[in-house]
Number of protein chains: 2
Amino acid sequence: MKRTTIIDIAEALGVTPSTVSRALAGNSRVSEQTRDRVREKALELGYQPNVVAAALRRGKSDTVGMVVPRINRHFFSHVISAVEEVLNPAGFNLLICQSHEKADLEKLAVQVLLKNRVAGIILSHALETVDFGVFDAAARERVPVVQFDRVHTAVAGPRIINDNFSGAYLAVKHLIKSGYKRIAHLTGSLSVNVYQERYRGYKYALEEAGLPIDTGVMENSITRETGYESTLSLLQQTRFDAMFCAGDFAAIGAMQALHDKGLSVPSAMGIVGFANEPFSDFISPRLSTVEQNAHDMGHLTAKALIRAINGKGPLEADWEEVVPVRLLVRDSSMRSEAVAY
Amino acid sequence: MKRTTIIDIAEALGVTPSTVSRALAGNSRVSEQTRDRVREKALELGYQPNVVAAALRRGKSDTVGMVVPRINRHFFSHVISAVEEVLNPAGFNLLICQSHEKADLEKLAVQVLLKNRVAGIILSHALETVDFGVFDAAARERVPVVQFDRVHTAVAGPRIINDNFSGAYLAVKHLIKSGYKRIAHLTGSLSVNVYQERYRGYKYALEEAGLPIDTGVMENSITRETGYESTLSLLQQTRFDAMFCAGDFAAIGAMQALHDKGLSVPSAMGIVGFANEPFSDFISPRLSTVEQNAHDMGHLTAKALIRAINGKGPLEADWEEVVPVRLLVRDSSMRSEAVAY
DNA sequence: GTTATTTGTGCAAACGTTTGTATTTTTGTT
DNA sequence: AACAAAAATACAAACGTTTGCACAAATAAC
């Protein structure tokens, strides 16, 4: 069956398509009366606007593209939901792509979005990404880009980031307060802003307390598996009584390694993770961690994009916004008394 | 800066846009030579096809819409990834929407997708959904719909489902084999196919073994919180020595309730969950569960949709495909010896 | 009562493709 | 060399909106 168009409505009412278009858009140049007649007829005929045609004519769609490393990460999926919460009421809908942490897939996703003439792009980089050429294309085509969490200054536009420095600082400071003295660090790639900042916070807390910062830092130890392996080799290389892990998955792996070696948490070893993955609350011992505010981040990101789309000028185009994080103290970092390892 | 179109390429080469279009599409009616010249020039000018215009002209886009209750569920996010794996190479891209388990949001999402003239829709219903009117609109507009996991026969088109019956049957049979005799059941809404089938498998296993089926079944106990509450009230109402939970979150809640009541798992109480959530493997005791094959499900779903889009007729339009599940026996359901409760 | 202003509508072009049909050019046949 | 067939390209309409401009009718200003 043929879909009804504004032309059908126009013919049924004896007006022109342009009037119908304006009526449906709520344009004040069409009288209240015909506006109602049009709306009524549209409902009657079950009219569904063809946004594709509108997008072509306007040169811009009401679709926003979003590229994340993976949608099944607690943090990212919650940011997505929060972004939706803002974008949908504003009349936009979301086209979600995954980069699977691959730079080439990220690039491809951005190209697909540009081909689809999206109104804007929200993005968090893959770990690998080093070439930011595609984003020049976006800038050239006047498609605003807002980065969140994993951001890079090479890309123009607003950046919404977590307060990774403070989160790490608070976590390590808390470990120190709990009586731990030699604190190791499991982190991701230090070429990523997120891990750089967490590392900086870690170092700062140690320096402030006058503790050694050479206790052991393992890069690229962010998954459960690498966390497990890195912990085992750290145990051989150096002595430490606590670990600050830049991610909860790494913390889980570390705890498993410690368990296998007969070291109990938190008495022999204190642990703090990062991200508050859903499981962190009901493993044993319950994992202390740093909670990121995915909800606020999503809201801020979406709002920044909407502002950019509405062209509030390139004045405020390039700035950074920091979302506070929160330390959740649970069992894995609480010992009644400091015990030398 | 103005974006390059096929018209620009045509003018630069002294041919017409139609020739350029056909050249880029690899149409055999244009000579090899000009095809190469066009491709070269397109590359040189940095041409990016405007898929919006193409979609308008063809009356159909290369975007596929997908509606899921939530993207942050382990199962759904993995199905999405698997769907992507098939759809992207086939030249489609995914527009993902969340219904947040609300029937009205699901309806809205489908309408948005239809307005966007998607090539097809992949969908798993919200728990609430009872009115399937929107899907008639989809059928009328010849937009194929493929349902997965949470399906309903009121909607036309292929349905890809998990073998919930067998999963439940295997789980309960395993509990029985382990020596448990009185097995309770925590389930979701029995108006959803998924939970209906799991319930059926549960009952069948009990009947087969000649065990009582009146041990206690609690509906709407599928979250961690409701699982916790339901277990507590079950403990007051009736006697049982094992639980089959229709979801891992419920199982976690149950384990917590049992722990609070001083009942140890698996010695005093056996537990099997469903879905193999990522945490199930590293809680203590490790949770036995039924693993669903999200990957295969996604692949089959995407392939079914592609077949439907390519119009392999309404002959095979309405059928059901069952994806096998697998019982994962871990610690929560293994006791060396049956102990009467 | 004439002219200026406002208000409501129509006309037509444009957005960038795709595609059926017509036309030209090339190739093949006799 | 003449003609048919095939191959390559051109022409033009269409997809369903939006929107600048023109125009008519109604209202306001003098």
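Note that these values count all heavy atoms, side chains included, but never hydrogens, waters or copies made by symmetry. Below, read A as the first sequence line, B as the second, and so on, with proteins coming before strands; counting in each chain starts at 1.
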J.: Side chain of B:Ser21 only, please: which of C:dT9, C:dT18, C:dC15 is the nearest?
T.: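 Comparing C:dT9, C:dT18, C:dC15 against the side chain of B:Ser21, the answer is C:dT18.
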J.: Quick one: is A:Ser31 getting a side-chain N or O under 4.0 Å of the C:dT9 phosphate, OP1 or OP2?
T.: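 So the side chain of A:Ser31 is within the cut-off, an N or O lying under 4.0 Å from OP1 or OP2 of C:dT9.
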J.: Could you give the CZ-to-P distance, from B:Arg35 to D:dA7, as a whole number of Å?
T.: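 The answer, rounded to whole Å, is 13 Å.
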J.: Using a 4.0 Å heavy-atom cut-off across all strands, classify A:Val15 as base, sugar-phosphate, or nothing.
T.: sugar-phosphate
J.: Heavy atoms from C-beta onward define the side chain here; which of D:dT17, C:dT18, C:dG10 lies closest to that of A:Arg29?
T.: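 Selected nucleotide: C:dG10.
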J.: Reckon A:Thr5 touches a base, only the sugar-phosphate, or nothing at all at heavy-atom distances under 4.0 Å?
T.: sugar-phosphate
J.: To the nearest Å, how far apart are A:Arg117 CZ and C:dG16 C1'?
T.: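 The answer, rounded to whole Å, is 9 Å.
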J.: Starting from C1' on C:dT26, measure out to CD on B:Gln33 and report it in whole angstrom.
T.: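 Taking CD of B:Gln33 and C1' of C:dT26, I get 13 Å after rounding.
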J.: By nearest heavy atom, map A:Thr19 and B:Leu56 onto DNA chain D; which one lands nearer the 5' end?
T.: B:Leu56
J.: Any N or O donor-acceptor pair linking the side chain of A:Arg22 to the base of C:dT7 at under 3.5 Å?
T.: no
J.: Using whole Å, what does the distance between atom C1' of nucleotide D:dG16 and atom CG of A:Leu45 come to?
T.: 16 Å
J.: Counting heavy atoms from C-beta on, name the nucleotide in C:dT9, D:dA10, D:dT19 closest to the side chain of A:Thr34.
T.: C:dT9
J.: Would you indicate which nucleotide in C:dT17, D:dT17, C:dT19 comes nearest to any side-chain atom of A:Ile6?
T.: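 Among the listed nucleotides, the one closest to the side chain of A:Ile6 is D:dT17.
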J.: Can you confirm whether more than 12 heavy atoms, excluding those of A:Glu40, are under 6.0 Å from its CD atom?
T.: no
J.: Determine, for A:Glu44 against A:Lys41, whether the closest basic-nitrogen to carboxylate-oxygen distance falls under 4.0 angstrom.
T.: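 Looking at A:Lys41 together with A:Glu44, the answer is yes, because their closest N to O distance falls below 4.0 Å.
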J.: Starting the side chain at C-beta, find the nucleotide from D:dA10, D:dT17, D:dT19 nearest to A:Ser18.
T.: D:dT19
J.: Quick one: B:Arg57 CZ to D:dG16 P, roughly how many Å, whole number?
T.: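 Checked: the CZ to P distance equals 10 Å.
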J.: In whole Å, I'd like the distance from the CG atom of A:Leu24 to the P atom of D:dG16.
T.: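 Taking CG of A:Leu24 and P of D:dG16, I get 15 Å after rounding.
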J.: Going by an N to O cut-off under 4.0 Å, is there a salt bridge joining A:Arg150 and A:Glu101?
T.: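 So A:Arg150 pairs with A:Glu101 through a salt bridge.
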J.: How long is the line joining CD of A:Glu11 and P of D:dG16, in whole Å?
T.: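 Rounded to whole Å, this separation is 12 Å.
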J.: Is there a side-chain contact between B:Phe75 and B:Asn162 in this structure, where contact means two heavy atoms from C-beta onward sitting under 4.5 Å apart?
T.: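 Yes, at least one pair of side-chain atoms sits under 4.5 Å.
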J.: Pick the closest DNA chain D nucleotide for B:Glu32 and for A:Tyr47 by heavy atoms, then say which residue is nearer the 5' end.
T.: B:Glu32
J.: Has A:Thr16 got a side-chain N or O lying under 4.0 Å from the OP1 or OP2 atom of C:dC11?
T.: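 Indeed not, no polar side-chain atom of A:Thr16 lies that close.
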J.: Would you call the rings of B:His125 and B:Phe135 parallel, tilted or perpendicular, where under 30° means parallel and over 60° means perpendicular?
T.: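 Plane angle over 60°, so perpendicular.
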J.: Calculate the interatomic distance between B:Ile7 atom CD1 and C:dA13 atom C1'; express it in whole Å.
T.: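 Value for this atom pair: 13 Å.
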